Amino acid sequence: MKVLRRENRRFIWTACLCFLTIGAMFVFHVLELSRGQDVPHIENSTVDLRGVDFNTGEPIFLDGEWEFFWQKLLVTDHLEGEEPDGLMSVPSYWTQQKQDGHYLPSKGYASYRLRMINCPPEADVLVVVPNLPSAYRVFLNGEPFSGSGTVLKNLRNIEVFPSLKEETTLPLRSSECELVIEVSSRVYPGLCLTPILIDRSTYERNAERDMIFSSLLMGIAIVFIIFYAMDLILKPRSGYSISILLLMLLFLIKSFSRGPIFSALCSWSPVPFDYMLFPFHIFGAAAWVILICAAPRASTARKRRRRVFCVSMLVLTDYFITISVGLIFHITWWWVIFDLLLAPIFFAVMVVPILQEDRSANPYFFPYYIGCLCVYVGSFLGDMALSGLFLIDDSFAFPIGLVCLTIAIKYMDGKRLNAIQNEALKVAEMRVELQKAQINLALHQIQPHFLYNALLAIKVLCRKEPEKAEKAVYDFSTYLRGNMDSIESTEPILFEEELQNIRAYLNIEQMRFGERLHVHWDIRCSNFMVPPLTVQPLVENAVRHGICKKVEGGTVSLITYQKDGFIWIEILDDGVGFEMEHLQSPSFGGIGIKNLRYRLKTLLNAELDIQSVVNQGTRQVIQIPEQEARLFDEDDDC
């Protein structure tokens, strides 16, 4: 276990690196703010812009306490001299405000007012609330300049649009200006995002940059997803996981809510902008469940189902907790709490089981783990930026994490496919080696002494009996050709072909031994299949180990017949016989017999039985099932 922990220590270090990255981003954020210009603070609904230079391009975040007017549209209804209902923190939900002892409802309309003093002369700026899921209008000194959506008292008829680049410049022509934002909300109550005061050219330049960069990242992710989907379609049995594809699609959909692309898409969506955020939260929850459960690890189906159920319950509990915290404490960054609670779930479900196992982790798990951490870091930083807690624009952090995840998945699949290909190459090499072994075995069946003796016998016949010599040459060539053809054959052949080679072999042996070798043929069935070079080696064994060792010679019988649903092949000899334990001896042909049994069993599910009695003879029987022998219609009995 100690060695295992040392092997898997990289998981701990990677997790630490993830959280160090988040901490470094915070430090970087603080240092950037300390090096920048003095950030004006809102006090008593007043912000002092003395010394602010908008030409630097630095945005001014108007977060703080604004005057709040419930159920009042100050400029639209010309409500002059109206006293505010109190001060409201921005960004926040107005549901945290009490009126007549009760909290305000989530649906309604209100006005926010802010006084800006010591404004820079001749400054042209924009006031935007990026992706505010509420309809709003911006007024400067009673004049309308920009907005997003249609602000109405009838909440059923309001229209909410994302803030786009078509904003009207606010001309700060006096040192003191009054800024009013009227808001109508039916889902997200009030200014739940921070309004930004920024130079127009800087805003347009940043928006264009973010759009290009976000589009590039999304394009990369889409290309990876398309290639993965094509691999899944073209190679359905290659091990690709549909859950991984679903995971990438869900994260891709969720990433649209992280930047300017979402604003552009919402402009053409039939669903109101403020309602579109709910599906993205659902997609996000489902994606995190799949992300954690789809980790490549060896486990049974029952364990996988149990893990999916447990993780789903944990993620749903996380969402309920964060939503409850947002409703109870009226905070606008409740989804950041979800990210914080997700970290221990992520670590406990994915990493702890790996560290507790008594074997090394799946080699494909580590790149997947890195990709998951990248997505988590991107999600956390993006949520911090969108909630206004992180004043640096990190709306593209999540798409970067998504690209890292897709690259990790493709890398993981590439390694897995390489392993499969290497395994296939090994199998192919083993098949080549097996084929070579079969060739060697077949060549070994042609005994050198048999060849020498047969050629010498043919030489003698050529002088004394030319006609018999001619027939012997024909039988010898038939024997050699049959053995050579069998080397290239891996499938069963007709018994007739095997029988032709056996006849040629026995004719040569009868030529050598004369009256010492008798052959009895009883072929009742021949229209079936046998593996090449299976019956002939048994006949050769009967001659070589039975008849040849008997001084007076003997008889070899070859019998085939059909009985009880089987094809029977019997090779009988009345030779010297042998002790059965000698059958396993390599010198006696034990390896060849073992190979014959294996080929018969593998190709035809057939059995080979050998029985021998010393000084009485040997009986070799092959039993082939009829359905495996593939019988053919002929005129014989079979």
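Quick caveat, the model's predicted, so the values are computed rather than measured. Just so you know, residue 1 is the first one in the sequence shown, and it goes up from there.
Looking at Asn118, its side chain never comes within 3.5 Å of a backbone N or O of Asp48 through a donor-acceptor pair. Of the possible donor and acceptor atoms, none in the side chain of Ser45 sits under 3.5 Å from a partner among the backbone N and O of Leu114. Side-chain atoms of Glu176 never come within 3.5 Å of backbone atoms of Met116 as a donor-acceptor pair (strictly under, hydrogens ignored). A distance-only check finds a donor-acceptor pair linking the side chain of Thr46 to the backbone of Asn44 [under 3.5 Å]. Without hydrogens or angle criteria, Ser185 side chain to Gly190 main chain gives a donor-acceptor distance under 3.5 Å. Using a distance-only test at 3.5 Å, with no hydrogens or angles considered, no donor-acceptor pair links the side chain of Asp63 to the main chain of Thr194. With Thr76 contributing its side chain and Leu73 its backbone, the two residues share no donor-acceptor pair below 3.5 Å.
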I'd like to know whether Thr95 forms a side-chain contact (heavy atoms from CB on, under 4.5 Å) with Leu104, so could you lay out the CA-CA distance, the side-chain angles of the two residues, the decisive distance to 0.1 Å, and finally the verdict. CA-CA 5 Å; Thr95 51; Leu104 297 179; 5.5 Å; no
side-chain contact (heavy atoms from CB on, under 4.5 Å) for Leu191 and Leu193? Distances and angles first, verdict last. CA-CA 5 Å; Leu191 284 178; Leu193 296 175; over 6 Å; no
Verdict with supporting geometry, Asp77 and Lys153, side-chain contact (heavy atoms from CB on, under 4.5 Å): CA-CA 11 Å; Asp77 293 342; Lys153 295 180 180 180; 2.8 Å; yes
Go through the steps to decide whether Leu342 and Asp318 satisfy the test side-chain contact (heavy atoms from CB on, under 4.5 Å), and finish with yes or no. CA-CA 7 Å; Leu342 185 65; Asp318 188 357; 3.9 Å; yes
Output, in order, the C-alpha distance, side-chain angles, deciding distance and verdict of ring pair (Phe, Tyr, Trp, His ring centres under 6.0 Å) for Phe338 and Tyr319. CA-CA 6 Å; Phe338 170 79; Tyr319 257 105; 4.2 Å; yes
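Taking 4.5 Å as the limit, every side-chain heavy atom of Ile196 sits out of range of all side-chain heavy atoms of Ile60. Put simply, the side chain of Ser106 does not reach to within 4.5 Å of the side chain of Arg186, judged on heavy atoms. For the pair Ile407 and Leu405, the minimum side-chain heavy-atom distance is 4.5 Å or more. Between Pro195 and Val90, some side-chain heavy-atom pair lies under the 4.5 Å cut-off. The closest side-chain heavy-atom distance from Cys192 to Pro133 is below 4.5 Å. The side-chain heavy atoms of Val47 and Arg115, taken from C-beta on, include no pair separated by under 4.5 Å.
Closest approach of Leu155 to Gly108, counting heavy atoms only: CD1-N, 3.3 Å. The shortest heavy-atom contact between Val129 and Tyr136 is N-OH, 3.5 Å. Across Lys107 and Trp70, no two heavy atoms sit closer than the pair O-CH2, 3.8 Å.
Judged as a ring pair (Phe, Tyr, Trp, His ring centres under 6.0 Å), and not counting sequence neighbours, Phe69 has no contacts. For Phe68, the ring pair (Phe, Tyr, Trp, His ring centres under 6.0 Å) partners at least two apart in sequence or on another chain are Tyr112.
The line from CD of Glu65 to CD1 of Ile42 is 9.5 Å long, rounded to the nearest 0.5 Å. Taking CH2 of Trp66 as the start and CE of Met88 as the end, the distance is 13.0 Å to the nearest 0.5 Å. In this structure, CG in Leu140 is found 5.0 Å from SG in Cys177, a value given to the nearest 0.5 Å. Separating the CG atom in Leu179 from the CG atom in Leu197 is a distance of 7.5 Å, to the nearest 0.5 Å. Expressed to the nearest 0.5 Å, how far NE2 of His102 lies from CD of Gln97 amounts to 14.5 Å. Going from atom CZ of Phe139 over to atom OG of Ser111 covers 8.0 Å, rounded to the nearest 0.5 Å.
Between Ser148 and Arg137, the side chains place no donor N or O within less than 3.5 Å of an acceptor N or O (distance only, hydrogens not considered).
Salt bridge Lys72/Glu182: absent, no basic N to carboxylate O contact under 4.0 Å.
More than 12 heavy atoms of other residues, nucleotides or ligands lie within 6.0 Å of CG in Asn154, so this atom counts as buried by the packing criterion.
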